[in-house]
Amino acid sequence: MTKQIVTVPDIGGTEGAEVVEVSIAVGDSLEQEQAMVVLETDKASMDVPCPVAGRVSAVIVKEGDKVSEGDPLLELDVAGGAETADSATTDNTNNSNTEAAVATAPPAAASDSATVSSQVVSVPDGAEDADIIEILVAAGDEVAEGDSLIVLETDKASMEVPAPQAGTIVSITAKQGDKTQVGGELLLMDVVSAAPAVSSATASATSAAVPSTTAPSTITPAPAPSSTAPSEATVVSASQSQAVYAGPAVRKFAREMAVELTAVVGTGERGRITKDDVKAYVKQVMSGQKAAPAGGGMGAGIPPVPPVDFTQFGEIELQPMSKIKKLTAANMSRNWLNIPHVTQFDDADITELESFRKSLKAEAEKRGVKLTPLPFLLKACAAALVAEPSFNVSLHHDGEHIVQKNYVHIGVAVDSPIGLVVPVIRDVDKKGLWELAADFMALVNKAREGKLAPKDMQGGCFTLSSLGAMGGTGFTPIVNAPEVAILGVSRAQVKPVWNGSEFAPRTMLPLSLSYDHRAINGGDAGRFFSYLNSVIADVRRLLL
Ligand code: CAO
């Protein structure tokens, strides 16, 4: 048994590749070619396979480390005299680097006179039969050495073909959607080189498997993976779903932006995620159209619902979503994902309230207002918010404070032709029933005519959402952040209620109170709800 250090293989001359995944641990028995570590440069991700079978005795690198060719990755106990599959191990006993053949490759001939020559960039070794999925340059473009030219994709991985030298693109032979062939021409470029033959830059970008004996006018740049890595850049890491299709540069960009790629919808071919898709996702999160995950980063780890081609099941038509609908969808998911909801249910006895309301109907008509149960409920909620101020708060964005409000503005969810809107009635605690009914009617009319101004929908402390006119026995409303609670109202029904000696017919109103459990605890909610119910059951209490 000998100890061997496994080092970073030839990675196309890249310095400081990032260790993005370490998939082995001390004590693991590794097969030859088994993936151990995933490295990522700005051009490609690659699995580093184990060059020889053995047992891991030490893991030298950790995720996030930056490594270059020859740096130690791990130490292996190898059965005596085992031959390494390639140059990626160093015998610990004599520390001789078996990559000498690569390291000592003859330097390119120097030349004093710079010449411009046309160079063909061909399909990299090992990238045959890949799809050409993106052409990143056009004729006339100037590129620097290492700039990505073309993106290829096999069924396992995608890779970017880098420019082997700085130069100007002359023509593009490759076509998006084509399949690559062994040594097939991708594009032609003019390069300025110190020598007409393959330059040292080319030599460093050429892997050991692509010797510098390649015809001088043809450059076959190795995509970042070396001959010791699989022939394609493996872009699927353990932390990101196998279903994610994205190039290495996009993955790197996504990591920099803390975006979990599983949450991004790809618009490229076969759902491939492009940099623009990541940017669009970030934009949506920043503008509040998409839920920012609770953890603060972009990646909530919640996989998106995969797109479905509904035409395979029958005829469909695509209808555009209104702006309000899109905004509601974004706000609902933001609130649903960010707020730990609790919903409590109760039935309020509105028998007396209903007879009082009916007794006021004639007067309401005279005043030109419609008196539904809602203005009464608004008044009762305002009283409960005053009695239980723990509900009249918002969580401060610094995470250190609670904002206690000394005003009582209440929003009412209105189902309008353009979508769900929530106009806010101000100072509900200070207004009488008639004034509230009139304010409410005015706002509902404005909402239905699509005339609400942004200020009409701002500043709410609490929301009332009534589906009472439509039916239903209960629902769980979603808290309308930054508020911390919402009351759902369902359809009142006459029910037999035990009064201690007999069942009496009572009009019972089903209520559901959802609250943000970060701001409100169960005790507060219990007190708020029972006070609310007591006021609804006997509106004379509003005078107390
Ligand atoms: N139980 C029984 N009847 C009720 C009732 C209840 N809980 N609430 C209202 N009614 C009655 C009213 O009294 C009225 O009958 P009368 O004309 O005989 O008095 C009738 O139902 C129609 O009421 P309305 O709809 O005109 O008025 P409203 O005050 O109840 O509601 C509004 C107004 C704007 C809140 C409502 O129309 C609406 O848009 N609700 C949708 C809310 C919503 O979509 N919420 C989102 C759900 S998920 O969070």
Side-chain angles (χ1 to χ4, degrees), residues 322 324-325 327-336 339 341 343 345-365 367-381 410-425 428 433-434 436-452 456-457 460 462-481 483-495 505-516 532-533 536-537:
S322 71
I324 293 270
K325 246 196 167 129
L327 210 62
T328 303
N331 287 344
M332 289 297 178
S333 23
R334 183 197 66 193
N335 294 342
W336 181 252
I339 299 175
H341 279 75
T343 306
F345 301 88
D346 209 345
D347 282 353
D349 188 335
I350 58 164
T351 315
E352 316 302 341
L353 186 153
E354 276 298 89
S355 56
F356 181 44
R357 182 177 74 90
K358 279 172 188 154
S359 73
L360 292 172
K361 268 206 156 182
E363 190 180 342
E365 257 172 54
R367 288 172 177 265
V369 292
K370 189 174 176 194
L371 200 58
T372 66
L374 218 130
F376 292 89
L377 297 178
L378 277 169
K379 198 73 200 144
C381 287
I410 299 182
V412 181
V414 177
D415 179 33
S416 83
I418 53 161
L420 181 65
V421 287
V422 186
V424 173
I425 301 169
V428 179
L433 202 66
W434 297 122
L436 275 181
D439 278 8
F440 173 55
M441 255 182 73
L443 281 172
V444 170
N445 289 340
K446 243 177 148 179
R448 292 196 172 138
E449 290 160 14
K451 289 186 179 155
L452 286 175
D456 293 327
M457 294 180 276
F462 182 83
T463 294
L464 237 173
S465 178
S466 173
L467 293 174
M470 297 155 208
T473 55
F475 63 103
T476 54
I478 297 175
V479 172
N480 187 17
E483 298 163 19
V484 294
I486 180 169
L487 185 74
V489 182
S490 295
R491 188 168 194 77
Q493 265 187 315
V494 178
K495 288 184 178 171
R506 308 293 296 177
T507 307
M508 304 303 287
L509 181 70
L511 300 176
S512 42
L513 178 71
S514 292
Y515 55 89
D516 183 339
L532 180 70
N533 285 347
I536 292 172

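Treat the numbers as computed from the prediction; the structure is a model and nothing was measured. Values below: all heavy atoms of this structure, side chains included; hydrogens, waters and symmetry mates excluded. Whatever order the structure lists ligands and atoms in, that order sets their numbers, starting from 1.
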Could you check whether any side-chain heavy atom of [X] comes within less than 4.5 Å of a side-chain heavy atom of [Y], counting everything from C-beta outward?
X: Val414; Y: Val421; result: yes
X: Glu363; Y: Trp434; result: yes
X: Leu377; Y: Val489; result: yes

Give the residue and atom name of whichever protein heavy atom lies nearest to [atom], and the separation in Å to one decimal.
atom: atom 35 (C) of ligand 1; answer: Ala413 O, 3.6 Å
atom: atom 27 (O) of ligand 1; answer: Thr372 CG2, 3.6 Å
atom: atom 6 (C) of ligand 1; answer: Gly468 CA, 3.4 Å
atom: atom 26 (O) of ligand 1; answer: Lys370 NZ, 3.0 Å
atom: atom 25 (O) of ligand 1; answer: Ala469 CB, 3.4 Å
atom: atom 36 (C) of ligand 1; answer: Arg448 NH2, 4.0 Å
atom: atom 33 (C) of ligand 1; answer: Phe440 CZ, 3.8 Å
atom: atom 44 (O) of ligand 1; answer: Leu420 CD1, 3.6 Å

For ligand 1, which atoms sit closer than 4.0 Å to a heavy atom of [X]?
X: Arg357; result: 13 (O), 19 (O)
X: Leu509; result: 7 (N)
X: Ser466; result: 40 (N), 41 (C), 42 (C)
X: Asp415; result: 38 (C), 39 (O), 41 (C), 44 (O)
X: Pro373; result: 9 (C), 13 (O)
X: Met470; result: 38 (C), 40 (N), 41 (C)

Open item on the list: One pair to check against side-chain hydrogen bond (donor to acceptor under 3.5 Å, both in side chains): Thr476 and Thr343. What are the steps and the verdict?
Closed with: CA-CA 6 Å; Thr476 54; Thr343 306; 5.2 Å; no
Taking non-hydrogen atoms only, is [X] closer than 4.0 angstrom to ligand 1 via side chain, backbone, both or neither?
X: Leu467; value: side chain
X: Ser490; value: backbone
X: Glu354; value: neither
X: Lys361; value: side chain
X: Ile478; value: neither

Got a sec, which residues hit salt bridge (charged side-chain N to carboxylate O under 4.0 Å, His left out) with Arg357, two or more places apart in sequence or on another chain?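 Partners of Arg357 under the salt bridge (charged side-chain N to carboxylate O under 4.0 Å, His left out) test: Glu354.
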Inset, instruction - Anything under 30° is parallel, anything over 60° is perpendicular, the rest tilted; go ahead and classify His341 against Trp336. - result: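 Geometry flag for Trp336 against His341: tilted rings.
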ask   = How many angstroms lie between atom CG of Leu420 and atom CG of Asp415, to the nearest 0.5 angstrom?
value =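 If I round to the nearest 0.5 Å, the distance is 7.0 Å.
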- Query: Taking distance alone, with no angle check, do Ala492 and ligand 1 share an N/O pair under 3.5 Å?
  - Reply: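 Yes, there is a polar N/O contact under 3.5 Å.
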Got a donor-acceptor contact below 3.5 angstrom from the [X] side chain to the [Y] backbone?
X: Lys379; Y: Val428; result: yes
X: Thr463; Y: Val412; result: no
X: Gln493; Y: Leu509; result: no
X: Ser514; Y: Pro477; result: yes
X: Asn335; Y: Asn331; result: yes

Point to revise | From the candidates Ser465, Ala447, Ala437, the one that places a heavy atom nearest atom 45 (N) of ligand 1 | key: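 When every heavy atom of Ser465, Ala447, Ala437 is considered, Ser465 comes closest to atom 45 (N) of ligand 1.
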Stepwise salt bridge (Lys or Arg N to Asp or Glu O under 4.0 Å) test for Arg506 and Asp347:
CA-CA 11 Å; Arg506 308 293 296 177; Asp347 282 353; over 6 Å; no
Could you tell me whether atom 15 (O) of ligand 1 has a protein heavy atom closer than 4.0 Å?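 Given the 4.0 Å cut-off, atom 15 (O) of ligand 1 does not count as touching protein heavy atoms.
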